Colleague: 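Input: one structure, supplied below.
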Amino acid sequence: MTSTKARAVRFDRYGGRDVLYVTDIDMPSPGRGEVLVEVHAAGINPGEAGIRQGAMHEIFPATFPSGEGSDLAGVVVAVGPDVSEFSVGDEVMGFSLRRSSHATHTVVPVGQLIRKPPQLSWEVAGSLYVVGVTAYAAVRAVAPQPGETVAVSAAAGGVGSLVVQLLVRQKARVLGIASRNSADWLQAHGVIPVEYGDGLADRLREAAPDGIDAFIDLFGPEYVQLAVDLGVAPQRIETIISFQKAAEVGAKTDGSMDASTPEVLAEMAELVASGAIDFDIAATYPLDQVADAFEQLEQRHTHGKIVLLPN
């Protein structure tokens with residue numbers, strides 16, 4: 001290694017985007033079963049904003065100074081002892097469970113990486129993990145059968161756009177709840193668009209006169225309650241965000257940690273690489289503009305992933 005320093009996003013206290021900064025850190029050194037990755041792309045996610053704001057302290061407390069970031073793709077630049085899976089120069093993608101991917105370099109256990117398919121751009125490979133495995137877990141939780149009707153809130157968002165495509169692949173009839181602006185994209189992907197807002201319950205009943213078999217909530221507790229009101233059985237209601245409401249009604253809360261395996265990531269990567277599933281990039285930012293990237297993310301109207309490009 002010629003450099004002894006890396007650069008990484010840090011925050012020293014909970015707060016808004018203003019608490020984020022980029023600083024020099026000692027170059028990480030891979031331990032047994034780990035590799036050092038030069039990060040070429042790292043996606044940002046709403047959960048990371050929630051952690052930084054302190055909104056998820058009870059579930060995912062931060063210790064300060066805290067790094068951030070899970071998604072990553074890059075090149076292996078050093079390997080630790082007992083590593084045979086990867087060599088220096090390998091292109092990889094995967095995830096950090098140490099909140100460390102928003103950096104120029106990070107150490108990752110080999111069990112959290114796969115080889116990057118050559119068909120995937122750095123931007124796609126570096127932002128697929130969180131949304132990909134979360135979508136996989138959410139769809140698996142409701143076990144859709146061919147011909148069943150499944151409603152999805154925030155259907156055109158980062159996770160939602162993958163959820164609806166996975167459901168369509170499983171031959172479900174999909175009702176995608178989203179803004180009017182997303183209707184064309186949903187229809188083009190085999191989804192029946194249903195505009196959110198006042199009168200949503202009536203529009204869903206009209207779109208599914210025989211009832212809704214399952215409901216995947218990707219936005220908030222009001223949708224879990226809506227699913228109950230529409231007569232969906234609690235065991236067929238899944239939410240990735242509304243944990244308290246799910247506990248009240250008996251809904252499922254499967255998320256990224258329920259599907260964080262190299263096998264699941266490899267399956268999702270192959271679906272995207274083969275063109276079987278579309279995966280859109282909304283914007284890219286250099287590492288030093290991490291606060292600007294989160295400003296765009298927190299507007300909650302972006303279709304596609306926002307990605308940091310540290311190198």
Side-chain angles (χ1 to χ4, degrees), residues 1-10 22-45 47-48 51 60 62-63 65-134 136-137 255-274 279 287 305 307-311:
M1 298 294 297
T2 57
S3 175
T4 61
K5 293 290 184 181
R7 288 179 61 74
V9 176
R10 291 285 186 266
V22 179
T23 189
D24 289 342
I25 62 170
D26 290 336
M27 181 65 68
S29 179
R32 192 172 302 277
E34 298 177 332
V35 299
L36 177 64
V37 177
E38 180 183 80
V39 181
H40 285 211
I44 68 172
N45 296 283
E48 290 148 2
I51 289 171
F60 302 116
T63 56
S66 177
E68 68 170 18
S70 299
D71 296 332
L72 65 95
V75 176
V76 174
V77 292
V79 299
D82 298 332
V83 170
S84 58
E85 295 87 346
F86 301 105
S87 302
V88 171
D90 285 347
E91 296 184 351
V92 296
M93 58 183 287
F95 54 98
S96 166
L97 298 179
R98 300 169 181 167
R99 301 179 190 170
S100 65
S101 71
H102 294 174
T104 59
H105 300 77
T106 188
V107 163
V108 187
V110 295
Q112 294 165 210
L113 294 170
I114 63 172
R115 296 184 184 276
K116 182 181 84 68
Q119 304 96 319
L120 295 186
S121 68
W122 286 117
E123 293 86 349
V124 169
S127 58
L128 179 59
Y129 158 65
V130 168
V131 292
V133 302
T134 301
Y136 186 100
S256 62
M257 296 312 297
D258 298 286
S260 288
T261 67
E263 293 77 16
V264 171
L265 180 59
E267 183 175 341
M268 293 300 298
E270 176 56 31
L271 286 171
V272 177
S274 68
F279 188 86
L287 192 67
K305 290 295 295 180
V307 189
L308 298 176
L309 303 178
N311 283 290

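Counting begins at 1 with the first residue of the sequence. These numbers come from a predicted model, not from an experiment.
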Colleague: Considering only heavy atoms from C-beta outward, does the side chain of L97 approach that of M257 to under 4.5 Å?
Modeller: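 In short, these two side chains touch, coming nearer than 4.5 Å.
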Colleague: Does the side chain of V131 reach to within under 4.5 Å of the side chain of M268, using non-hydrogen atoms?
Modeller: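 With C-beta onward as the side chain, the pair stays apart.
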Colleague: I'd like to know whether V83 forms a side-chain contact (heavy atoms from CB on, under 4.5 Å) with E34, so could you lay out the CA-CA distance, the side-chain angles of the two residues, the decisive distance to 0.1 Å, and finally the verdict.
Modeller: CA-CA 7 Å; V83 170; E34 298 177 332; 5.7 Å; no
Colleague: I need the H40 NE2 to S121 OG distance, nearest 0.5 Å.
Modeller: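 Interatomic distance, H40 NE2 to S121 OG, rounded to 0.5 Å: 13.0 Å.
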Colleague: Restricting to non-hydrogen atoms, name the atom on A269 and the atom on P117 that form the minimum distance, rounded to 0.1 Å.
Modeller: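 It is CB-CG, 4.2 Å.
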Colleague: For residues D90 and E85, determine if any side-chain heavy atom of one lies less than 4.5 Å from a side-chain heavy atom of the other.
Modeller: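 A side-chain contact under 4.5 Å is absent here.
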Colleague: Are the side chain of N311 and the backbone N or O of V39 linked by a donor-acceptor pair below 3.5 Å?
Modeller: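 Side chain of N311 to backbone of V39: a pair is present.
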Colleague: With distance as the sole test, does S127 use its side chain to make a donor-acceptor pair with the main-chain N or O of G43 at under 3.5 Å?
Modeller: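 Checking the backbone N and O of G43 against the side chain of S127, no donor-acceptor pair under 3.5 Å is found.
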Colleague: Using the side-chain hydrogen bond (donor to acceptor under 3.5 Å, both in side chains) definition, which of the options T23, T104, D24 pairs with R7?
Modeller: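 For R7, the side-chain hydrogen bond (donor to acceptor under 3.5 Å, both in side chains) check succeeds only for D24.
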Colleague: Do any N or O atoms from the side chain of Q112 and from the backbone of P109 form a donor-acceptor pair under 3.5 angstrom?
Modeller: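 Between the backbone of P109 and the side chain of Q112 there is no qualifying donor-acceptor contact (under 3.5 Å).
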Colleague: Search all heavy atoms of H105 against all heavy atoms of A6 and return the closest pair with its distance.
Modeller: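 H105 and A6 have their closest heavy atoms at ND1-CB, 3.8 Å.
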Colleague: With distance as the sole test, does D82 use its side chain to make a donor-acceptor pair with the main-chain N or O of G33 at under 3.5 Å?
Modeller: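 No; judged by distance alone, with no hydrogens or angles, the pair does not exist.
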Colleague: Please enumerate all residues that pass ring pair (Phe, Tyr, Trp, His ring centres under 6.0 Å) together with F95, with sequence neighbours excluded.
Modeller: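 By the ring pair (Phe, Tyr, Trp, His ring centres under 6.0 Å) rule, F95 matches Y129.
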Colleague: State which residues pass side-chain hydrogen bond (donor to acceptor under 3.5 Å, both in side chains) with T106; sequence neighbours excluded, sorted by chain then number.
Modeller: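 side-chain hydrogen bond (donor to acceptor under 3.5 Å, both in side chains) list for T106, sorted by chain: S100.
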Colleague: If you define the side chain from C-beta out and look only at heavy atoms, does anything of P28 sit under 4.5 Å from L36?
Modeller: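 Yes, their side chains come closer than 4.5 Å.
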Colleague: How far apart are the closest heavy atoms of P262 and G111, and which atoms are they?
Modeller: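 Of all heavy-atom pairs spanning P262 and G111, the closest is CG-O, 2.9 Å.
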Colleague: If you compare all heavy atoms of G69 against all heavy atoms of S101, which two are closest, and at what distance to 0.1 Å?
Modeller: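 For G69 versus S101, the nearest heavy atoms are C-OG, 2.9 Å.
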Colleague: Between L113 and L72, is the side-chain contact (heavy atoms from CB on, under 4.5 Å) condition met? List the steps.
Modeller: CA-CA 9 Å; L113 294 170; L72 65 95; 4.0 Å; yes
Colleague: Kindly indicate whether the side chain of D26, heavy atoms from C-beta on, has any atom under 4.5 Å from the side chain of K5.
Modeller: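 Counting from C-beta outward, D26 and K5 do come under 4.5 Å.
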Colleague: Taking all atoms of both residues into account, what is the closest heavy-atom pair of L287 and A103, and its distance?
Modeller: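 Scanning both residues, the minimum pair turns out to be CD1-N, 4.0 Å.
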Colleague: Side chains of K116 and V92, heavy atoms from C-beta outward: is any pair under 4.5 Å?
Modeller: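 The answer is no; the side chains never approach within 4.5 Å.
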Colleague: Please round to the nearest 0.5 Å and tell me the distance separating atom CE of M93 and atom CG of L120.
Modeller: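 Result: 6.0 Å between the selected atoms.
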Colleague: Before giving the answer on side-chain contact (heavy atoms from CB on, under 4.5 Å), spell out for H102 and I44 the whole-Å C-alpha distance, their side-chain angles and the decisive distance to 0.1 Å.
Modeller: CA-CA 8 Å; H102 294 174; I44 68 172; 3.6 Å; yes
Colleague: Looking at every heavy atom in both A259 and V264, which two are closest together, and how far apart are they?
Modeller: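 Heavy atoms of A259 and V264 come nearest at O-CB, 3.4 Å.
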Colleague: Hey, could you give me the CD1/CZ distance between I51 and R99, rounded to the nearest 0.5 Å?
Modeller: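 The distance works out to 4.0 Å.
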Colleague: For side-chain contact (heavy atoms from CB on, under 4.5 Å), just list the numbers for L309 and E123, CA-CA rounded to whole Å, side-chain angles, deciding distance to a tenth of an Å, and then say yes or no.
Modeller: CA-CA 8 Å; L309 303 178; E123 293 86 349; 4.0 Å; yes
